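Values reported hereafter were calculated over all heavy atoms of this structure, with side chains retained and with hydrogens, waters and symmetry mates removed. Note that the structure is a prediction, hence the values are computed from the model and not measured.
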Amino acid sequence: MAVIEVMDLTKTYGGHTALDGVSFTVEDGEIFGLLGPNGAGKTTTVECVEGLRRADSGSVRVLGLDPTRQGRELRRQIGVQLQEAHLPDTLRVHEALDLYAAFYPCPRNPGELLAQWGLEEQRDARFGRLSGGQKQRLFMALALVGDPRVVFLDELTTGLDPQTRRVTWELVRRLRDGGVTVVLVSHFMDEVAALCDRAAILDKGRIVSEGTPDELVYGGGGRTALSFRPTQEVDLAALSALPSVTRVEQCLETVTVSGSGSVIDEVTALLARNRILVANLRIHERTLDDAYAALTGRLT
């Protein structure tokens, strides 16, 4: 069952089109990723979905509610971790949780959230004294204090060290396992691949691809690529005709063959039959980075 339905969303700022007909759905109980380079429209999209920003046209429903007309009712059922957020440096951790809990009619127990997110020892610590990872855990706890059904996490791990990022990933998985639907905004391909059940790639205000991480990786071509430099001319048409091959390219002296299944065996067998020796043979498994670069023309 879809808990978020976005249809043909558009938004412009002056002469700049931030969103150009964005449409997607998010199913109950999944982690859905919005992936794309900086300026692709990710944050504008989730702000429209959260009711923090009004779209120029299109429709949004979250838990059956219109974020623009029914924003007060919706905000009681969602949690939001913003891309940029800060608290007063002197505010203590437990004070922040008590303050946010006061905004909801039936909040979760702040003490339980401190325990759940590993903040018990920081209960009396001031916000300005927390590490980056501790601040992120606090913001996640604040996003959950209203016991939301859907939570939005915008650039959750930007600026965190690798170890803290992976700990944070496990916390996000706990949310999903606890029955919370998660919308994760990121420009990190490894993060989306590790966490998301489905994702959409945005570029220049449009969704250019959508699906599971595997579908994003392999939807635009083969899952394996072989590159080599033949010592004599090779028949590119013969390579293209192999059953497992999806694409053959040649750049200068290097030939690259993409495919799936038994592509490695088929290509090497053809080369052996024709007694073609090769140099610099490399085998490359296609990744989400490859799909991302192919779809957006950018690496970050």
Residues that H16 engages under ring-ring contact (aromatic ring centres under 6.0 Å, His included), provided they are two or more places apart:
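Testing H16 for ring-ring contact (aromatic ring centres under 6.0 Å, His included), a comparison that skips the adjacent residues, returns none.
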
Looking at R166, R165, R173, which one forms a salt bridge (Lys or Arg N to Asp or Glu O under 4.0 Å) with E191?
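Single salt bridge (Lys or Arg N to Asp or Glu O under 4.0 Å) partner of E191 among R166, R165, R173: R165.
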
Applying the salt bridge (Lys or Arg N to Asp or Glu O under 4.0 Å) criterion to E47, which one of R54, K11, R53 satisfies it?
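By the salt bridge (Lys or Arg N to Asp or Glu O under 4.0 Å) criterion, E47 pairs with just one of R54, K11, R53: R53.
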
Using a 3.5 Å cut-off and no angle test, enumerate the donor-acceptor pairs between side-chain atoms of residues 113-126 and protein atoms at least two apart in sequence or in another chain.
residue	atom	partner	partner atom	Å
Q116	OE1	R108	NH1	3.4
Q116	OE1	R108	NH2	2.8
R126	NH1	T90	O	2.8

Tell me, please, which residues at least two apart from K135 pass salt bridge (Lys or Arg N to Asp or Glu O under 4.0 Å).
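Residues passing salt bridge (Lys or Arg N to Asp or Glu O under 4.0 Å) with K135: none at all.
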
Could you work out, with salt bridge (Lys or Arg N to Asp or Glu O under 4.0 Å) as the rule, every residue matching R69, not counting sequence neighbours?
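Testing R69 for salt bridge (Lys or Arg N to Asp or Glu O under 4.0 Å), a comparison that skips the adjacent residues, returns D66.
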
Would F152 and F32 count as a close aromatic pair, with their ring centres under 6.0 Å?
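No, the ring centres sit 6.0 Å or more apart.
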
Determine whether F228 and T254 satisfy the following criterion, side chain to side chain contact (heavy atoms under 4.5 Å, CB included), listing intermediate values before the conclusion.
CA-CA 6 Å; F228 54 87; T254 299; over 6 Å; no

Using a 3.5 Å distance criterion without hydrogens, assess whether the side chain of [X] forms a donor-acceptor pair with backbone atoms of [Y].
X	Y	result
T10	D56	no
N274	I276	no
S258	T246	no
D20	R206	no
S262	D265	no

Full working for side chain to side chain contact (heavy atoms under 4.5 Å, CB included) between T25 and V6:
CA-CA 6 Å; T25 62; V6 177; over 6 Å; no

I'd like to know whether L142 forms a side chain to side chain contact (heavy atoms under 4.5 Å, CB included) with Q81, so could you lay out the CA-CA distance, the side-chain angles of the two residues, the decisive distance to 0.1 Å, and finally the verdict.
CA-CA 8 Å; L142 294 175; Q81 180 262 327; over 6 Å; no

Quick one, T157 with T168, criterion side chain to side chain donor-acceptor pair (under 3.5 Å). Give me CA distance, side-chain angles, the key distance, then yes/no.
CA-CA 7 Å; T157 62; T168 305; over 6 Å; no

Less than 3.5 Å apart, which donor and acceptor atoms pair up between the side chains of residues 95-103 and the rest of the protein, not counting sequence neighbours?
residue	atom	partner	partner atom	Å
E95	OE1	R92	N	2.9

Within 6.0 angstrom of R129 CZ, more than 12 heavy atoms from elsewhere:
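No, because the 6.0 Å sphere around CZ of R129 holds 12 heavy atoms or fewer from other groups.
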
E233 CD: over 12 foreign heavy atoms closer than 6.0 Å:
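Open: at most 12 neighbouring heavy atoms sit under 6.0 Å from CD of E233.
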
For residues 24-44, which residue pairs qualify under salt bridge (charged side-chain N to carboxylate O under 4.0 Å, His left out), counting only residues two or more places apart or in two chains?
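Checked against salt bridge (charged side-chain N to carboxylate O under 4.0 Å, His left out) - neighbours excluded - the pairs reaching residues 24-44 are E30-R198, K42-E155.
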
Checking E266 against S244: is there a side-chain donor and acceptor pair closer than 3.5 Å?
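Note: S244 and E266 side chains meet the donor-acceptor criterion.
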
Indicate, with yes or no, if V234 and V257 share a hydrophobic cluster defined by side-chain heavy-atom contacts under 4.5 Å among Ile, Leu, Val, Met, Phe, Trp and Tyr.
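Yes; V234 is reachable from V257 via cluster members.
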
Walk me through whether S23 and D8 qualify under side chain to side chain donor-acceptor pair (under 3.5 Å).
CA-CA 5 Å; S23 300; D8 202 25; 5.0 Å; no

Closest non-hydrogen atom pair between L34 and V183, with its separation
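Of all heavy-atom pairs spanning L34 and V183, the closest is CD1-CG1, 4.5 Å.
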
Qualifying residue, where the test is side-chain contact (heavy atoms from CB on, under 4.5 Å) with V263 and the options are V245, I283, L242, T268
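Per the side-chain contact (heavy atoms from CB on, under 4.5 Å) rule, the option paired with V263 is V245, out of V245, I283, L242, T268.
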
